[in-house]
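Here's the structure we're looking at; comments come further down.
Positions are given from 1, in the same order as the sequence printed here. Note that ligands are numbered from 1 as they come in the structure, with each ligand's atoms numbered from 1 the same way.
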Amino acid sequence: MGVFEAKSVLVLGGSRGIGAAIVRRFVADGAKVTFTYSGSPDAAHALAAETGSTAVETDSADRDAVIARVKDSGALDVLVVNAGIGVFGDSLEQDPDAIDRLFRINIHAPYHASVEAARQMPQGGRIIVIGSVNGDRMPVPGMSSYALSKSALQGMARGLARDFGSRGITINVVQPGPIDTDANPADGPMKELLHSFMAIKRHGRPEEVAGMVAYLAGPEAGFVTGAMHTIDGAFGA
Ligand code: NDP
């Protein structure tokens, strides 16, 4: 019997990369998993068919759609907010609408989804948000909006941990360093620069992040809340 047998899990942003690894991990551990997608319907449907999970379309940039999706999911045992984007380049040249969309996906959606999930969550529910080591350290130019958004999750987790703690609901931020996904491929142009900052000179694997998420969602982590958990090969050390 899996650790998450009969548990209800919602992953926001599960079609690809780290989110897909999280979906696979919870399914392997027995959970009933629903995940959202927006731009990648083919990948989402393929993952659902592979794993027996349920794929539902929800744009994380649409606050009301996110709230409705979480509400309609009923009493979740675990919410994982993984969906996130970057808008990279000279901050003086960037389109403010693109920056505000990033804030809606990376900050507003995690906040509103977490609050909505907590309304119906049972005692001992778990909320895990995927932040970034860039919430702590920003060693390159052109990523200030992304760094801002991931730092914002830290304050959110500290505050909501106190709001939900009396019900045994925990909320934590997982902060990956470079992880091999479409967004940051291990053989991409940033490879040498990124690895130069690291003690373990490779990209992490999405499955390694999923393992940390599974720990935080599991029965041994009931005393872990309001905290940031970095998994980065010492990128930020
Ligand atoms: P990918 O770009 O590979 O995948 C992003 C996932 O988020 C996809 O499943 C995508 O779904 C979903 N997503 C993006 N925008 C939306 C949206 N508007 N609505 C719904 N879903 C959305 O990224 P990663 O797997 O690399 O990143 C996942 C998380 O990890 C992000 O929060 C990212 O910031 C964080 N992270 C990643 C690092 C890395 O090096 N890879 C390092 C540190 C943090 P779809 O395509 O269907 O829209």
Proximal atoms of ligand 1 relative to [X] (non-hydrogen, under 4.0 Å):
X	result
Pro178	40 (O)
Ile130	29 (C), 30 (O), 32 (O), 35 (C)
Asp182	3 (O)
Ser40	45 (P), 46 (O), 47 (O)
Gly17	25 (O)

Counting heavy atoms only, which of [options] comes nearest to [atom]?
atom	options	answer
atom 38 (C) of ligand 1	Ser60, Gly19, Gly177, Ala44	Gly177
atom 37 (C) of ligand 1	Ile18, Ile179, Ile22	Ile18
atom 1 (P) of ligand 1	His203, Lys150, Arg16	Arg16
atom 15 (N) of ligand 1	Val66, Leu102, Ile85	Ile85
atom 36 (N) of ligand 1	Tyr37, Phe35, Tyr146	Tyr146

[X] side, atom [atom1]; [Y] side, atom [atom2] - distance, nearest 0.5 Å:
X	Y	atom1	atom2	result
Ile169	Arg126	CD1	CZ	10.0 Å
Arg158	Leu153	CZ	CG	11.0 Å
Asp62	Arg101	CG	CZ	11.0 Å

Under the 3.5 angstrom rule, does the side chain of [X] hit a backbone N or O of [Y] as a donor-acceptor pair?
X	Y	answer
Gln120	Leu76	no
Ser149	Asn106	no
Lys201	His195	yes
Asp232	Gly236	yes

What protein heavy atom sits nearest [atom], and how far away is it?
atom	answer
atom 26 (O) of ligand 1	Thr181 OG1, 2.6 Å
atom 12 (C) of ligand 1	Gly13 CA, 3.9 Å
atom 28 (C) of ligand 1	Asn82 OD1, 3.2 Å
atom 2 (O) of ligand 1	Ala183 CB, 3.5 Å
atom 22 (C) of ligand 1	Ala83 CB, 3.6 Å
atom 9 (O) of ligand 1	Ser15 OG, 2.8 Å
atom 43 (C) of ligand 1	Pro176 O, 3.2 Å
atom 48 (O) of ligand 1	Gly39 N, 2.7 Å

Exercise. Is a side-chain donor-acceptor pair under 3.5 Å present for Gln154 with Asp136?
Worked result: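 Their side chains do contain a donor-acceptor pair, which is all the 3.5 Å distance test asks for.
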Problem set entry | Short side-chain donor-acceptor distance under 3.5 Å, Arg16 and Ser40 |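 Side chains of Ser40 and Arg16: pair found under 3.5 Å.
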Exercise. Hey, does Ile105 come in under 3.5 Å of ligand 1, counting only N/O atoms on both sides?
Worked result: no
Exercise. Ser132 to ligand 1: N or O pair under 3.5 Å?
Worked result: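 In fact, backbone or side chain, Ser132 has no N or O that close.
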Problem set entry | Check: His229 ring centre within less than 6.0 Å of Tyr215 ring centre |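 No, too far apart.
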Problem set entry | Cationic N near anionic O, under 4.0 Å, Arg24 to Glu207 | no
Exercise. Looking at Arg25 and Gly211, what are the two nearest heavy atoms and their distance?
Worked result: NH1-CA, 3.5 Å
For this session: Identify the two heavy atoms, one from Val87 and one from Leu102, that lie closest to each other, and give their separation to 0.1 Å.
Result: N-CD1, 3.5 Å
Exercise. Any non-hydrogen atom of Thr58 lying under 4.0 Å from ligand 1?
Worked result: yes
Exercise. Does Gly204 have a heavy atom less than 4.0 Å from any atom of ligand 1?
Worked result: no
For this session: Indicate, with yes or no, if Ile130 and Val224 share a hydrophobic cluster defined by side-chain heavy-atom contacts under 4.5 Å among Ile, Leu, Val, Met, Phe, Trp and Tyr.
Result: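 The answer is yes; both residues are in one hydrophobic cluster.
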Seminar exercise, completed: Counting heavy atoms under 4.0 Å, the part of Asn184 that contacts ligand 1 is side chain
